[in-house]
Peer 1: 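A single structure is presented below for examination.
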Amino acid sequence: MSSARINGNLAEREQVIILENFIRGEFVASENLGYINSYEPSTGQVWAQLPDSGDEEVCRAVTAAKNAFPKWSSLSTHERASYLNKIADLIEQRLDEFAEAESRDSGKPVALARLVDIPRAVHNFRFFASAVQHYISTSNFNDQHGALNYVHRSPVGVAGLISPWNLPLYLLTFKIAPAIAAGCTVVAKPSEMTSVTTWMMCKVFQDVGLPAGVVNVVFGYGGKVGEALVKHPDVPVISFTGSTPIGQRITAVSAPFCKKLSLELGGKNAAIIFDDVNLDEVVPGSVRSSFMNQGEVCLCSSRIFVQRGIYDEFLTKFTEAAKKFKVGVPSDPSVNMGALISEQHREKVRSFIQLAESEGATINCGGDQVPECIPETHKNGYYLAPTVISNISDRSPCMQDEIFGPVTCVVPFDNEEEVVERANAVKYGLCAVVWTKDLSRTHRLARKLHVGTVWANCWLVRDLNMPFGGSKASGIGREGCKESLDFYTESRTVCIKLG
Ligand code: NAD
């Protein structure tokens, strides 16, 4: 394969794409740096290479962001919003190109990237372009002291944004859009496994004439680029989405600097299915919530609690539906599930399935073998079939730890109190799904489940106006309309004694 340096444009299919850092509005050749291979999960082949950046590149990017900050932060919100709208329009125009790249980078079906990932990235920019113009501060007249108080909010400064591989553009733009709308400038670091669409987006920034230095992107490993960003004294605010252990490390490393932190971390989410539901709706809903994006969504259900009266029927129907959830080559439009992100990750997922077997659990479908339907041309890709496990103890690591793959456990329960206690008995607290026709019960459970989001009779219905995030080991802080704009700004109370 030959390689191509084409600054933000996708090369011919046969060429390995060489990514460059994007600093001060320009793609910067990384002559002195080594390159990291990025694999196409559906084939196991190298398809892109990114610079193995470090402290020096991060320092350059932070300086660029710092220099751009005074002018960018003093633009009116209306002017900043107009750039966000232009970015949204251009990504939308290039939707097919972005969707194909996202699929090749992460292994997800192209159809999913076209339907969910890229439209959401577009929506993130449009949403915050509008939101920032409706972001008003509070005031209060204190009649005891005859003083008028109001809150002035100003952007914090240079924001360090670090994102994972599972929803690459979707999640990084959910940080970039509110940060620049609020007036911050940015140094972003996408996952080293899925950097291509971020690099393509840098070309969009150039094409819309976003002022140089407002968004800078440094590619590379988390331990080098991510950590350099977290330690940099001129980056007062860090927004991180990723695993709980790395979130803990970022908390420790940033502590001496007293940085503002937002942490969106892992999950071990419960779905709770009561015996009053219509299984014709709940079974497809649960298959989707378990296996969408190869089960590589932090919000996927991986523990399904089913009320005993309908347990056997649910398990049979759910297993049948999981078998029909088609795994295959991501470019095939009929495929529901593509390849996992890496060989290493597939091995981790497999090890959980093997552990469940060794504990005497039942593997109802799927398993640790490569599905037979994968064509010879893609045999080196990282595929696994949707796997349903039953007869498993709540104490098993498969019921306690985040697997982050197409594996879900189905267990029975008898009553409401018991299931709430069992659903809460994990270290994580990201989301839960409740399936029931009983509205009072929905409200009761919503108050008792220790999670950031409760979905009832649906899953992954997102309204960006609402706060999103996790409790316990699933994170600190919330992202959303007001929450994100609050995060990227600092409030100052102004108190004026009136005569
Ligand atoms: P990860 O924690 O390994 O990496 C996330 C990002 O952090 C990557 O860009 C990585 O390079 C960087 N990083 C690694 N070490 C670092 C360090 N020492 N300092 C700074 N940055 C560092 O996570 P992942 O494997 O990319 O993603 C999967 C995880 O993300 C899962 O746990 C999943 O639940 C979680 N996730 C959470 C949410 C949410 O909204 N709560 C959303 C998506 C994914």
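Ligands are counted one by one from 1 in listed order, and the atoms in each one are counted from 1 as well.
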Peer 1: Out of I246, L172, T241, who gets a non-hydrogen atom closest to atom 5 (C) of ligand 1?
Peer 2: T241

Peer 1: So, does Q206 use its side chain to make a donor-acceptor pair with the main chain of G25 at under 3.5 Å?
Peer 2: yes

Peer 1: With rounding to the nearest 0.5 Å, note down the distance linking CZ in F404 to CG in N293.
Peer 2: 8.0 Å

Peer 1: Minimum distance, heavy atoms only, to atom 18 (N) of ligand 1: which one of K231, E264, E227 is it?
Peer 2: E227

Peer 1: If I apply the N/O under 3.5 Å rule, does E402 come out as touching ligand 1?
Peer 2: yes

Peer 1: In terms of atom number and element, which parts of ligand 1 are under 4.0 angstrom from non-hydrogen atoms of F468?
Peer 2: 40 (O)

Peer 1: Nearest protein heavy atom to atom 7 (O) of ligand 1, by residue and atom, and its distance?
Peer 2: F240 CE1, 3.2 Å

Peer 1: Quick check on contacts: which atoms of ligand 1 are under 4.0 angstrom from a heavy atom of P190?
Peer 2: 9 (O)

Peer 1: Run the numbers for me: atoms of ligand 1, each under 4.0 Å from some heavy atom of W165, listed by number.
Peer 2: 24 (P), 25 (O), 26 (O), 27 (O)

Peer 1: Identify the closest protein heavy atom to atom 28 (C) of ligand 1: which residue and atom is it, and at what distance?
Peer 2: F404 CE2, 3.6 Å

Peer 1: Counting heavy atoms only, which of C298, G247, A252, G160 comes nearest to atom 36 (N) of ligand 1?
Peer 2: C298

Peer 1: Would L265 count as a polar contact of ligand 1, with the cut-off being nitrogen or oxygen pairs under 3.5 Å?
Peer 2: yes

Peer 1: Tell me if the CZ atom of R153 is crowded by more than 12 foreign heavy atoms within 6.0 Å.
Peer 2: yes

Peer 1: Would you find more than 12 non-hydrogen atoms of other residues, nucleotides or ligands less than 6.0 Å from Q354 atom CD?
Peer 2: yes

Peer 1: For M399 and C409, which heavy atoms make the closest approach, and how far apart are they?
Peer 2: SD-CB, 3.4 Å

Peer 1: Can you confirm if the NZ or CZ of R346 lies within 45° of the ring axis of Y383 and under 6.0 Å from the centre of its six-membered ring?
Peer 2: no

Peer 1: Is there a heavy atom of S163 sitting under 4.0 angstrom from any atom of ligand 1?
Peer 2: yes

Peer 1: Quick one: does G470 get within less than 4.0 Å of ligand 1, heavy atoms only?
Peer 2: no

Peer 1: Please list, chain by chain and in numerical order, all residues satisfying side-chain hydrogen bond (donor to acceptor under 3.5 Å, both in side chains) with S484, sequence neighbours excluded.
Peer 2: none

Peer 1: Is M193 touching ligand 1 with its side chain, its backbone, both, or neither, if touching means heavy atoms under 4.0 Å apart?
Peer 2: neither

Peer 1: Against the six-membered ring of F69, is K66 placed for a cation-pi contact (under 6.0 Å from the centre, within 45° of the normal)?
Peer 2: no

Peer 1: What protein heavy atom sits nearest atom 27 (O) of ligand 1, and how far away is it?
Peer 2: P164 CB, 3.2 Å

Peer 1: Please could you name the atoms of ligand 1 that L171 approaches to less than 4.0 Å, counting only its heavy atoms?
Peer 2: 42 (C), 43 (C)

Peer 1: What closest approach, in Å, do K260 and F487 show between heavy atoms, and which atom pair accounts for it?
Peer 2: NZ-O, 2.8 Å

Peer 1: Is it true that S106 and N166 share a donor-acceptor pair across their side chains at a distance under 3.5 Å?
Peer 2: no

Peer 1: Give me the residue, atom name and distance of the protein heavy atom closest to atom 22 (C) of ligand 1.
Peer 2: G222 CA, 3.4 Å

Peer 1: Pull out every atom of ligand 1 sitting under 4.0 Å from any heavy atom of E192, numbered as shown with elements.
Peer 2: 10 (C), 11 (O)

Peer 1: Who gets closest to atom 3 (O) of ligand 1 by heavy atom: S243, G242, G220?
Peer 2: S243

Peer 1: Can you name the atoms of ligand 1, numbered from 1 with element, that are less than 4.0 Å from a heavy atom of N166?
Peer 2: 43 (C), 44 (C)

Peer 1: For N32, does the CG atom have more than 12 heavy-atom neighbours from other residues, nucleotides or ligands under 6.0 Å away?
Peer 2: no

Peer 1: Below 4.0 Å, non-hydrogen atoms only: which portion of I250 touches ligand 1? Side chain, backbone, both or neither.
Peer 2: side chain

Peer 1: Please list every donor-acceptor pair under 3.5 Å in which a side-chain atom of residues 178-188 meets a protein atom from a residue at least two apart or in another chain.
Peer 2:
unit_1, atom_1, unit_2, atom_2, d
T185, OG1, A65, O, 2.7

